[in-house]
Amino acid sequence: MSARFILLIALAASARAEISALHPRIYVRNDAARVGKGLTAGQLRARIPDAAYARFRRPVTTRGAAGTVEIAARYLEEGRPEDLATVRDFLTSRTFSYEKNDVGGFLAGAEMATAFDWVYDGLTTAERAAAMANIVTTADSSRRFLLRGQPDINHNYTYMALCTIAVCGLALDREPEPYGQKAAEYLELARQFIESRGKVLDTWNAREGAWGEGSHYTFHETLRTLVLTLHAYRSATDTDYFPRIRTSHGDFVRKAGRFLIASTRPDMTFERTGDTSANRAAAALTVPLTVEMLAAGVEDAPERARLHSFTLALLEAHGQNAVRPEYNWGMRIFFDPRAPVTPSYKTLPLFMRLGAGTYEQVMFRNGWGPDSTAITILAGDHFTDHQHFDKGQFLIYHRGGLAVDSGAYDRMYQPDRHANEYAPRTLAHNCVLVYDPQQVLPKGYTNDGGQNIIRGKQHHGDWPAFLAHRDAEGLHAAQVLACDFDESRYGYLRVDLGKAYGDRVTHYDRQFVYLPGPDFLVVYDRVSAASPDFQKRWLLHFQDQPKVDGQAPGTGVRSFAGAQLTSARRFDGALLVQTLLPAERTVTTIGGPGYEFFNAFTGRNYPVSTPAVAADIREAGNWRIEVAPLQPAKDDEFLDAIQIRDGATAGPLESRLVRDLEKHASGVHLLDPRRNQVVLFSAGLPLRYRIVSNTRADHLITQLPALENLTVKVNGKTVARTRANAGGVLRFDDRATGTRTITIERRRGPRSPGTLRAIFAQ
């Protein structure tokens with residue numbers, strides 16, 4: 001060790017946290033501890049007879065480092081010699097490393113150190129020394145990674161390694177040399193990663209608690225290990241990061257809790273975004289523990305109650321499988337069965353924009369009940385290889401996964417296999433393909449017509465480094481141009497997707513309007529290719545076999561010229577997709593055995609390595625449609641009106657194409673007998689369009705100049721003098737029936753001072 005580094009450690013020691021002199025100190029405090037916050041060992045032991053914790057005392061069926069923590073917790077609670085012997089034998093005989101054990105090696109150090117802390121008083125001096133030697137060997141692997149392994153501030157490995165060095169440092173503090181010195185090294189490195197400019201606290205603040213590594217890593221590894229790290233400091237030291245996060249780092253713990261809830265479907269499984277295998281699809285295993293740890297770090301009482309109520313919902317939904325036995329210790333420590341659960345998580349907003357300006361996950365819902373609809377849209381930056389090339393992707397859940405994320409997490413970086421050629425590719429998502437047969441792709445990848453392939457860019461040591469490389473490396477792949485919510489009436493999103501496709505497109509924006517009342521989603525794409533010869537295909541994936549204009553397609557590739565209605569069911573939910581543009585089109589179905597993961601450009605299927613990774617709960621997508629214009633053109637529009645229904649009442653309402661008379665807009669007229677709906681995507685003013693119906697209609701116009709003063713006329717008569725809102729959206733009731741022409745034009749005259757102030761505030 002260099003003299004300079006020793007000096008840095010010495011200087012940092014004077015400013016570092018005061019650590020409790022007593023064991024236990026990790027997550028559970030000694031009853032006599034004078035520093036730290038949280039549950040004491042005595043309070044933990046008092047919970048043993050409480051019936052509310054009985055479900056979290058199941059036997060551990062698997063060993064390893066995680067299971068050893070649970071056994072150590074039993075010793076802490078009951079003092080049984082056989083539990084002490086099991087933990088002692090494990091700690092004195094095992095080492096791990098990320099080089100040999102990958103994720104398990106990163107996690108093992110923190111788990112070993114926690115178990116060591118909890119059985120500390122039962123070990124002899126020699127046993128402690130043997131255990132500490134193995135803990136240091138394991139922790140040094142994580143330390144090497146953080147110092148020399150090119151850690152990325154946006155990648156799960158960094159947070160698992162950080163958790164290990166922090167918990168090991170806290171557990172080994174005050175021990176004889178060389179362990180005391182090792183503890184000081186670990187803690188100083190951990191402090192730098194947590195607190196330094198652009199590191200952990202700043203990054204999670206910038207990302208507003210949103211993360212994009214798929215449910216496989218986002219919730220089970222990254223968020224969980226971060227919050228474990230924060231709670232280790234809270235219990236073991238006089239440093240509590242949670243108040244600092246609330247006041248100086250955007251309260252990202254609260255926002256991360258909302259992100260987790262928003263990413264959970266009504267069936268209490270996660271949205272399938274990014275790398276997700278079947279065994280990580282359920283919001284279970286470690287997730288209730290993560291939710292309870294988040295609640296313990298949130299100061300706002302209503303938000304804590306929402307998180308607690310969500311935990312109860314997870315426990316009810318998943319029963320005995322809600323928490324893996326190896327993590328029951330966490331529920332006995334952090335779960336409070338009598339904590340307030342009012343207000344419920346069901347009082348959260350139905351429309352949310354999560355990770356604004358960075359990850360950009362947008363959620364539309366029409367309720368929080370089990371029969372509600374949940375729509376998720378991905379629209380932001382690319383951070384790690386666990387994300388997919390799926391900007392603009394949308395997912396629809398209603399009583400089942402109706403529009404799904406296809407493919408599965410299966411052996412990365414293998415040419416000619418599923419994880420290279422299908423699952424992360426745009427082909428596997430509800431996006432648009434722009435196929436240039438001459439496109440040059442990275443080695444090991446074939447052409448799917450999808451978004452640019454971004455691999456190996458996980459080298460951003462801090463947030464400023466990510467920002468500095470974002471544009472140059474193509475990581476800023478999508479940008480939200482407008483996002484507007486009126487919770488009881490509509491959600492609107494417009495995204496620029498041009499950068500995701502590189503020089504194959506000269507313009508591409510995708511717009512979404514969701515009307516929660518009629519459960520109606522409109523998706524509108526305007527794509528300009530660099531060449532009219534580039535083929536464009538609009539994709540939508542289903543788990544089960546769809547029908548096209550009432551016909552069930554056979555296995556393989558089947559084409560339907562001019563098809564209008566695609567219907568699909570999943571359990572008790574139904575999707576009715578009316579394709580309105582292109583006016584002249586072919587709808588092709590692809591799916592069935594041997595065609596689930598098929599690339600029509602290469603003529604090959606790319607199956608998973610084992611069926612288990614794509615088990616039914618993963619909803620890996622056995623079928624899809626591809627909508628293509630009949631004639632090649634540089635500019636194309638895709639317009640699809642999607643009705644979301646219960647399977648038992650799945651008859652479609654009529655949807656009509658609406659075109660502006662000056663060709664400034666395209667949209668949909670939904671003839672809902674309860675209330676007609678018109679959604680129009682504008683491209684300039686004035687607008688003039690015509691509709692026919694026997695009932696009045698609500699109109700929603702997008703992409704208008706923000707806060708522009710407008711006049712609305714119906715058949716030449718002024719019905720409203722109004723203005724577009726700050727999101728460029730206008731809503732009005734036409735108050736007419738029969739055939740009517742709607743005109744929207746700028747209203748002459750100066751803007752009011754209030755309007756000008758609102759514009760400048762933008």
Inset, instruction - Would you check if the side chain of His469 reaches a backbone N or O of Ala465 as a donor-acceptor pair within less than 3.5 Å? - result: yes
Inset, instruction - Could you tell me how the ring of Phe270 sits relative to the ring of His220: parallel (under 30°), tilted (30 to 60°) or perpendicular (over 60°)? - result: perpendicular
Inset, instruction - Say whether, by atom type as modelled, one donor and one acceptor occur between the side chain of Asp275 and the main chain of Gly214 under 3.5 angstrom. - result: no
Inset, instruction - Mark yes or no for whether Asn599, through its side chain, and Asn447, through its backbone, hold a donor-acceptor pair below 3.5 Å. - result: yes
Inset, instruction - Test Phe466 against every option in Thr358, Leu475, Asp152 by the side chain to side chain contact (heavy atoms under 4.5 Å, CB included) rule and name the one that passes. - result: Leu475
Legend entry - Any donor-acceptor N or O pair under 3.5 Å, side chains Ser263, Gln361: yes
Inset, instruction - Show your working on side chain to side chain contact (heavy atoms under 4.5 Å, CB included) between Gln458 and Tyr157 and close with a plain yes or no. - result: CA-CA 11 Å; Gln458 300 166 156; Tyr157 278 11; over 6 Å; no
Legend entry - Least distance between heavy atoms, Arg618 atom then Gly274 atom: NH2-O, 4.4 Å
Inset, instruction - Side-chain contact test, heavy atoms from C-beta onward, threshold under 4.5 Å: evaluate it for Arg143 versus Tyr186 and give yes or no. - result: yes
Legend entry - Side chain to side chain, Asp202 and Asp462, heavy atoms closer than 4.5 Å: no
Inset, instruction - Decide side chain to side chain contact (heavy atoms under 4.5 Å, CB included) for Met331 and Thr311; before the verdict, give the C-alpha distance in whole Å, the side-chain angles of both, and the deciding distance to 0.1 Å. - result: CA-CA 10 Å; Met331 297 302 286; Thr311 296; 4.2 Å; yes
Legend entry - Main-chain N/O of Thr222 paired to Thr225 side chain as donor or acceptor, under 3.5 Å: yes
Legend entry - Side chains of Phe116 and Val87 in contact at under 4.5 Å (non-hydrogen atoms): no
Legend entry - Tyr241 side chain near Thr229 side chain, heavy-atom distance below 4.5 Å: no
Inset, instruction - Starting at CD1 of Ile135, measure out to OG1 of Thr95 and round the result to the nearest 0.5 Å. - result: 11.5 Å
Legend entry - Cation-pi, Tyr120 ring and Arg128 (6.0 angstrom, 45 degrees): yes
Legend entry - Minimum heavy-atom distance between Tyr233 and Ala190, given as atom pair plus value: OH-CB, 3.4 Å
Inset, instruction - Could you tell me which non-hydrogen atom of Ala419 sits nearest to which non-hydrogen atom of Met412, and how far apart they are? - result: CB-CA, 4.0 Å
Inset, instruction - Using modelled atom types only, decide if a donor and an acceptor are shared between the side chain of Asp385 and the backbone of Arg455 within a distance under 3.5 Å. - result: no
Legend entry - Value rounded to 0.5 Å, distance of CZ in Phe310 from CG in Leu315: 10.5 Å
Inset, instruction - Using the six-membered ring wherever Trp is involved, compare the ring planes of Tyr98 and Phe145 and label them parallel, tilted or perpendicular (cut-offs 30° and 60°). - result: perpendicular
Legend entry - Validation row: His382, Glu473 side chains within 4.5 angstrom (heavy atoms): no
Legend entry - Interatomic spacing from CZ in Arg280 to OG1 in Thr269 - rounded to 0.5 Å: 14.5 Å
Legend entry - Backbone N/O of His429 and side chain of Asp390: donor-acceptor pair under 3.5 Å: no
Inset, instruction - Using a 4.5 Å cut-off on heavy atoms from C-beta on, say whether the side chain of Ile333 contacts that of Leu44. - result: yes
Inset, instruction - Give the minimum heavy-atom separation between Gly67 and Val60, together with the two atoms involved. - result: CA-CG1, 3.9 Å
Inset, instruction - Please confirm whether the backbone N or O of Leu189 pairs with a side-chain atom of Gln192, one donor and one acceptor, at under 3.5 Å? - result: no
Legend entry - Worked check of side chain to side chain contact (heavy atoms under 4.5 Å, CB included) between Glu221 and Phe106: CA-CA 10 Å; Glu221 312 300 357; Phe106 279 126; over 6 Å; no
Inset, instruction - For atom CZ of Arg417, decide whether the heavy atoms of other residues, nucleotides or ligands shown that lie under 6.0 angstrom number more than 12. - result: no
Legend entry - Shortest non-hydrogen separation from Tyr606 to Asp416 and the atoms involved: CD2-O, 3.9 Å
Inset, instruction - Might you work through the ring pair (Phe, Tyr, Trp, His ring centres under 6.0 Å) test for His460 and His155, ending with a clear yes or no? - result: CA-CA 9 Å; His460 307 108; His155 192 270; over 10 Å; no
Inset, instruction - Give the C-alpha distance, both sets of side-chain angles, the deciding distance and a yes or no for side chain to side chain contact (heavy atoms under 4.5 Å, CB included) between Leu289 and Val323. - result: CA-CA 8 Å; Leu289 170 56; Val323 182; 5.5 Å; no
Inset, instruction - Could you tell me the separation between the CG atom of Asp381 and the CZ atom of Arg207, rounded to the nearest 0.5 Å? - result: 8.5 Å
Inset, instruction - Supply the atom-to-atom distance Arg234 CZ to Lys37 NZ, rounded to the nearest 0.5 angstrom. - result: 6.0 Å
Legend entry - Donor-acceptor pair between Glu213 and Asn156 side chains, under 3.5 angstrom: yes
Legend entry - Sidechain N-carboxylate O distance under 4.0 Å for Glu292, Arg332: no
Inset, instruction - For the pair Arg74 and Asp83, find out whether any cationic side-chain nitrogen is under 4.0 Å from an anionic carboxylate oxygen. - result: no
Legend entry - Heavy-atom donor-acceptor pair, Asp410 side chain to Ser609 backbone, under 3.5 Å: yes
Inset, instruction - May I have the step-by-step check of ring pair (Phe, Tyr, Trp, His ring centres under 6.0 Å) for Phe259 and Phe219, ending in yes or no? - result: CA-CA 10 Å; Phe259 175 66; Phe219 303 114; 5.6 Å; yes
Inset, instruction - Kindly indicate, with the supporting measurements, whether the criterion side-chain hydrogen bond (donor to acceptor under 3.5 Å, both in side chains) is fulfilled by Thr68 and Glu111. - result: CA-CA 8 Å; Thr68 300; Glu111 293 164 339; over 6 Å; no
Legend entry - Trp204-Tyr159 side chain donor-acceptor pair, cut-off 3.5 Å: yes
Legend entry - Side chain Thr164, main chain Ala161, donor-acceptor under 3.5 Å: no
Legend entry - Ion pair check, Arg604 and Glu421, cut-off under 4.0 Å: no
Inset, instruction - Any chance you could measure Thr203, atom OG1, to Ile194, atom CD1, to the nearest 0.5 Å? - result: 12.5 Å
Inset, instruction - Determine yes or no for a side-chain-to-main-chain donor-acceptor pair under 3.5 angstrom, with Lys199 supplying the side chain and Gly461 the backbone. - result: yes
Inset, instruction - Return the minimal non-hydrogen interatomic distance between Thr92 and Ala130, and the atom names on each side. - result: CG2-CB, 3.8 Å
Inset, instruction - Using a 4.5 Å cut-off on heavy atoms from C-beta on, say whether the side chain of Tyr409 contacts that of His386. - result: yes
Inset, instruction - Measure the shortest side-chain to side-chain distance between Ile19 and Val35 over non-hydrogen atoms and say whether it is less than 4.5 angstrom. - result: no
